[in-house]
**Student:** 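Attaching a single structure in C-alpha cells format; questions to follow.
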4 protein chains.
Amino acid sequence: MRSVLDRQLHPAESTQTGIASRQAVLAAAQQLIQEQGYAGLSMRELARRSGLAKATIYHHFQDKRDVLLSVFEHDIRTVAERIAEAAATPGSHAQRLRAVIAAYFAIQVERRMVILNAIRETVGLEDQIWAIIRAHRDDLLRPIMSILQDAIAAGVARPVNVELAVMALFGMIHSFVTHRLLIDGNDFTAEMEEFVLEMFLHALHIPADRSAHATPAPVAPLHTTDTE
Amino acid sequence: MRSVLDRQLHPAESTQTGIASRQAVLAAAQQLIQEQGYAGLSMRELARRSGLAKATIYHHFQDKRDVLLSVFEHDIRTVAERIAEAAATPGSHAQRLRAVIAAYFAIQVERRMVILNAIRETVGLEDQIWAIIRAHRDDLLRPIMSILQDAIAAGVARPVNVELAVMALFGMIHSFVTHRLLIDGNDFTAEMEEFVLEMFLHALHIPADRSAHATPAPVAPLHTTDTE
Amino acid sequence: MRSVLDRQLHPAESTQTGIASRQAVLAAAQQLIQEQGYAGLSMRELARRSGLAKATIYHHFQDKRDVLLSVFEHDIRTVAERIAEAAATPGSHAQRLRAVIAAYFAIQVERRMVILNAIRETVGLEDQIWAIIRAHRDDLLRPIMSILQDAIAAGVARPVNVELAVMALFGMIHSFVTHRLLIDGNDFTAEMEEFVLEMFLHALHIPADRSAHATPAPVAPLHTTDTE
Amino acid sequence: MRSVLDRQLHPAESTQTGIASRQAVLAAAQQLIQEQGYAGLSMRELARRSGLAKATIYHHFQDKRDVLLSVFEHDIRTVAERIAEAAATPGSHAQRLRAVIAAYFAIQVERRMVILNAIRETVGLEDQIWAIIRAHRDDLLRPIMSILQDAIAAGVARPVNVELAVMALFGMIHSFVTHRLLIDGNDFTAEMEEFVLEMFLHALHIPADRSAHATPAPVAPLHTTDTE
DNA sequence: GATGAATGAGTGTTCATTCAT
DNA sequence: TATGAATGAACACTCATTCAT
C-alpha cells in the first residue's frame, strides 16, 4: 500500500509480486494517459490493462488520485533526469543547448503529452499536483539555467533572467511539439529543433557553433525500471 | 438545430427566443469550461447554468461534441480578432509586437485557458477540432506574420521562417501564462510581457523601440455578441 | 424532482406518470425497509423492485438519503394520523387509551419496524432525521397527552407529567412488539395489549372501565394513497 | 479460531498473544459498534482499529457474523451482571427497583445503544442472535422478576405477570434513553429515572419508600476483562 | 421550442472473504 | 499466528442521450 503520500515506508518491505503488481498498474496508467489523456484514465480500464481486479488496484493505491499522482511524479522525475543528462553533454554552450533541446523534443514527442501544460486537465487535482511540480521544477530547470549562467559569466551570452529564459525555451518547444502531434503530423522535428536553437541563441546573443552537431543522448522509453 | 457541422441552414430561421436559448447555452458552456476544464462540461450542469432543460439543449445542438465545438470555434475566432486588432496598432514593428504580446497575454489570462494547448484534453474529439484549428490557424498567425514579413522586408529583422517564429512566440507566452495561472499565482504579467518581447526582438534582431509603449487595445470579455 | 428538502414546488405540476413512478419508488422502499431494515435499502434493489432504472430514481430523488427521508416522513405522518384517529374514539378515558394502545400495537406489528426506536440504525443520517422527528413528535404524542390531561383535570387520574407518561407508554409497547416480532413469534398481542393498558391505568390511578371494549379503528396498510 | 458457535475447543490451546489479539478485535468491534452502529462495523476498519491484518481476524473468528455475535453475547452477559448486581442491593423493594432502574439507565446511556432494540438492524443475523438472546434473556430478567415476586408474596405488590412487568419496565427505560440520546440530548436522567420508578411503583401498587435513596452500584465500562 | 421522464452504460469506491506464504 | 495480495460482487451515483408530449 505504498503511495505518493506515504513515503515513510521503506521500499524493500514489499514482496516481489507486490511490487510487480504495483508497477503493472503504473505502466498501464502511463500508457492509458498517453493514449487518452488524464480524463481517459478509468479505474475499470486500468484494471483491464494491468490484468488485475479493480479492487486489487485499491490495495496498492489509495484512490485514483494516488495513481495519477504516482504516474505524474515518476514522469516528471524521468524528464528531469533526461534533461540533466543532456545538459551534461560536453561541448560549447551552443552544443549543450542543442542537446537539451533535442532531448526535450524527443521526450515530449515520445509521450504525446506535455507535462507542464497538461496540468490544466486536472482541475480538481491541482493542489496536490502543484506540490509535486514545485518540488521538481527546480530539477527540471536547473541544468539548463546552469548552462546559461555559465555562458553569461563567460561573457558569451547577454545577461538575462535565466529562469525566465528557460521557461521561454520550454514554451517554444511545447508549441512545436503540439503542432506536430496534433495539427501537422509530419515529422519536422529536426527542422524545428534547429529553428528553436537558432531563435534561442540569437535571443541570448550566443554565437552559434556549427562545427559539430552534438549527438543527443539516446532517449530510453519512460517507465523502464532499468534506469532507476 | 444550427450547429457547427450544419451550416447550410439560413440563420434567419430561428426565432428570437431560439437564438437567445442557444446563446445562453454557449455562454454557460464557456463559463463552465473556464472554471472546470473541458472535462467539467457536463450536460446536466450545462442545463442548470443555462436555465434550460437538458432535452432543450439537444434542440439547439446535435450533441455535447457540437456544443464543445461551437464554443471552441467562437473562442478561436474571438482570439483571432483580438490579435488582428492589436497587430493593427500603428507604430514601429517593436511597438506592434508589444501590442500583440500584451493582447495575447491578456486573453489567455482572462480565460484561464490556453486554446492551442488545451486541445490535448479533448482526445476523441481531435478530428473535428483539427478541422476548426486548421481553418482558423491562419487567421490567428497571419497578422503577426505580416509584421515580421514587413520587418524583414524593411531590413529591420533578420530573415527567418515567419510562421515558425510566430509559433515560437505563442509558445513562450503560453509557458508564462501557464506558470502564472497554475504555479506562481502572482501577477508578473508586465514583467513577463517585457521579457517575451525582448527575447523575441533579440531573436529576430529587431531593434527595441522604447520611445513609447504601445497601448494595447482594451480587451472585451469573450462571448459578447455586440462585437460580432 | 420533488423531494423532502424541496417543498416549494406545487404538487400539481408533475405529470400523472411522474407521480406514479415516484410513488412506486416510495412503495418499494417502504417494503424493502420492512423486510430488510434500513441497511437493506440498496438503490440497486430499489430499482429492481420499483420496476425503474437506477438512474430514473435519481430523477425523482436527490439521493438515497432523500428516498429514506421521504419514506420516513410519510410513515411517521401516517402513524400520527392513526393514533389521532384512535385517540378520538368516544368513550371513557380507559376506553380511549385502550383504543390508542391497540392501534399503536397494530401499526408496529404490521410494519415489523418501530419507528422511534429504529432511528438508531441510521447513524450518519441522524441530523436530518431529527429534524423530521422533532417536527412530528408533537403530532404523535399530543392526542394521547390530551386524554391524560382530560383525565387529570377530571380528577380521574393522578397528576403526572403527561409527556413523560406517553413516552413511557410507547416504550412499553415497543418492548412487547419487539419481543413478539423477534423472540417469541407467537401472537399474544391481545394479552399484551391488555397488560399494557392495565399497567398504565394503575400507574395513573385511572379506574378500569370494563363495561365495553372500544373497537379500535381498522388499520389500513401504509403507503396507500387514498388517505392522502 | 474460538468462536461463539465453536465452543468445543478447550480454551487453553490459545497462546497468550493469540488471546490478546482476539480480545483486541472484540474491543475494537465493541467500540466501532458504539460509534457507528452495527452497519458501521466493517472488517477493514476493524482491522485498522485492532492493529491486526484483515486476514488475521479470520484466524480468530469464522466471519464477520462471528465477531458480531461474540460482541453481542459478551455485552448481553455484562448487562445481565450489572442488573443482577443492582438487584442485589439491600433495602426495600422500592429501593431495589430504584437501583435496578438507575443501573439499567446508566448502562444504556453509557453505550449509546440499546441491545434488545438494536437487534432489528441485524436482519439476516436474526436466527443466531435469537439463540443468544433466548439463552440470556432469563439472566437479564430474573433478578428483577425476583424482586417483584418477593413483593407480591409479601403482599406489597398487586399480583401481575412479573415477566411482562419487567419487559414493560425495560421498555419505558428504552424509550427515555432513546429520547435522551437522539432527540433531546440534555441530561434529564435523574428526573427520568424518578419518573419511571414512580410509574412502575404505582402500576404495581408498591408503596414508595422515600426514606433513603439507594445508591446504585457504580457502573464499570463494558469490555473490561477484570470483572470476568 | 421546450420539457419531464426515462435509461444503459459507465464512474470511483468499498465489501467480506480467500489463499499462499 | 500472522499477513500481503488478490478478488467478485456490490455500493451509491453520474453520464450523455432519447422520446412522447
Side-chain angles (χ1 to χ4, degrees), chain A residues 1-2 13-22 39 41-47 51-65 67, chain B residues 1 14-22 39 41-47 51-65 67, chain C residues 1-2 13-22 39 41-47 51-65 67, chain D residues 1 14-22 39 41-47 51-65 67:
Chain A
M1 233 183 286
R2 282 169 57 222
E13 68 169 352
S14 312
T15 70
Q16 194 62 26
T17 67
I19 279 195
S21 293
R22 195 174 198 273
L41 184 68
S42 108
M43 297 303 277
R44 224 178 199 72
E45 187 65 19
L46 189 51
L52 297 173
K54 248 186 309 173
T56 308
I57 299 181
Y58 283 89
H59 184 69
H60 294 285
F61 299 88
Q62 284 191 320
D63 49 18
K64 189 182 174 182
R65 198 189 86 266
V67 177
Chain B
M1 232 192 281
S14 313
T15 69
Q16 193 63 25
T17 64
I19 277 195
S21 293
R22 193 175 199 273
L41 185 69
S42 92
M43 296 303 277
R44 166 188 292 199
E45 189 64 20
L46 190 52
L52 298 173
K54 257 185 301 178
T56 308
I57 298 180
Y58 284 87
H59 269 278
H60 297 286
F61 301 89
Q62 279 187 309
D63 51 17
K64 188 183 174 181
R65 201 190 81 265
V67 177
Chain C
M1 234 183 283
R2 281 169 57 220
E13 68 171 349
S14 312
T15 69
Q16 193 63 24
T17 67
I19 279 195
S21 293
R22 194 173 198 273
L41 184 68
S42 106
M43 298 302 278
R44 224 178 201 72
E45 188 65 19
L46 190 51
L52 296 173
K54 246 186 315 173
T56 308
I57 299 181
Y58 284 90
H59 183 69
H60 295 285
F61 299 88
Q62 282 190 322
D63 49 19
K64 188 183 175 181
R65 199 188 85 270
V67 178
Chain D
M1 228 188 288
S14 313
T15 70
Q16 193 63 24
T17 63
I19 278 196
S21 293
R22 191 173 200 276
L41 185 68
S42 95
M43 297 302 277
R44 165 188 292 200
E45 188 65 18
L46 191 50
L52 298 174
K54 258 185 300 179
T56 308
I57 299 179
Y58 284 87
H59 270 277
H60 296 285
F61 301 89
Q62 281 187 309
D63 51 16
K64 188 184 175 182
R65 198 189 84 268
V67 178

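All chains are named by letter (A, B, ...) in the order of the sequence lines, taking the proteins before the strands, and each is independently numbered beginning at 1.
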**Student:** For nucleotides 16-21 of chain E, give me one character per nucleotide, 5' to 3': B if any protein heavy atom sits under 4.0 Å from the base, S if the only such contacts are to the sugar-phosphate, - if neither.
**Tutor:** SBBB--

**Student:** Return whichever of A/A53 or D/A53 has its heavy-atom-nearest nucleotide of DNA chain F closer to the 5' end.
**Tutor:** D/A53

**Student:** In whole Å, I'd like the distance from the CG atom of B/L46 to the P atom of F/dT14.
**Tutor:** 17 Å

**Student:** Give a yes/no on whether any side-chain N or O of A/S21 is located under 4.0 angstrom from OP1 or OP2 of F/dA6.
**Tutor:** yes

**Student:** If you look at every heavy atom in A/I57 and A/M43, which pair is closest and at what distance?
**Tutor:**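 Result for this residue pair: CG2-CE, 3.7 Å.
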
**Student:** Hey, what do you get for CZ (A/F61) to CG (A/L46), rounding to the nearest 0.5 Å?
**Tutor:**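 With rounding to 0.5 Å, CZ (A/F61) is 8.0 Å from CG (A/L46).
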
**Student:** Strictly below 4.0 Å: does D/T56 bring a side-chain N or O up to OP1 or OP2 of F/dT3?
**Tutor:**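 Yes.
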
**Student:** Between atom NE2 of C/H59 and atom CG of C/L52, what is the distance when rounded to the nearest 0.5 Å?
**Tutor:**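 One gets 10.5 Å once the value is rounded to the nearest 0.5 Å.
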
**Student:** Rounding to an integer number of Å, can you tell me how far C/F61 CZ sits from E/dA5 P?
**Tutor:** 11 Å

**Student:** Determine the stems involving DNA chain E; a stem requires 3 or more consecutive pairs of the Watson-Crick or G-U wobble kind, each with both distances below 3.5 Å, and the answer is none if no such run exists.
**Tutor:** E:2-21 with F:2-21

**Student:** If every non-hydrogen atom of B/A47 is compared with every non-hydrogen atom of B/A53, which pair is closest and at what distance?
**Tutor:** CB-C, 4.1 Å

**Student:** Show the numbers, then the answer: is there a side chain to side chain contact (heavy atoms under 4.5 Å, CB included) between B/I19 and B/R22?
**Tutor:** CA-CA 5 Å; B/I19 277 195; B/R22 193 175 199 273; 5.6 Å; no

**Student:** Nearest of E/dA2, E/dA5, F/dA5 to any side-chain atom of C/H60?
**Tutor:**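 The listed nucleotide nearest to C/H60's side chain is E/dA5.
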
**Student:** Output the rounded distance in Å from CG (A/L52) to P (F/dG4).
**Tutor:**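 For the pair A/L52 CG and F/dG4 P, the rounded distance is 18 Å.
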
**Student:** Sequence neighbours left out, what pairs pass salt bridge (charged side-chain N to carboxylate O under 4.0 Å, His left out) with at least one residue falling in residues 53-63 of chain A?
**Tutor:** A/D63-A/R65

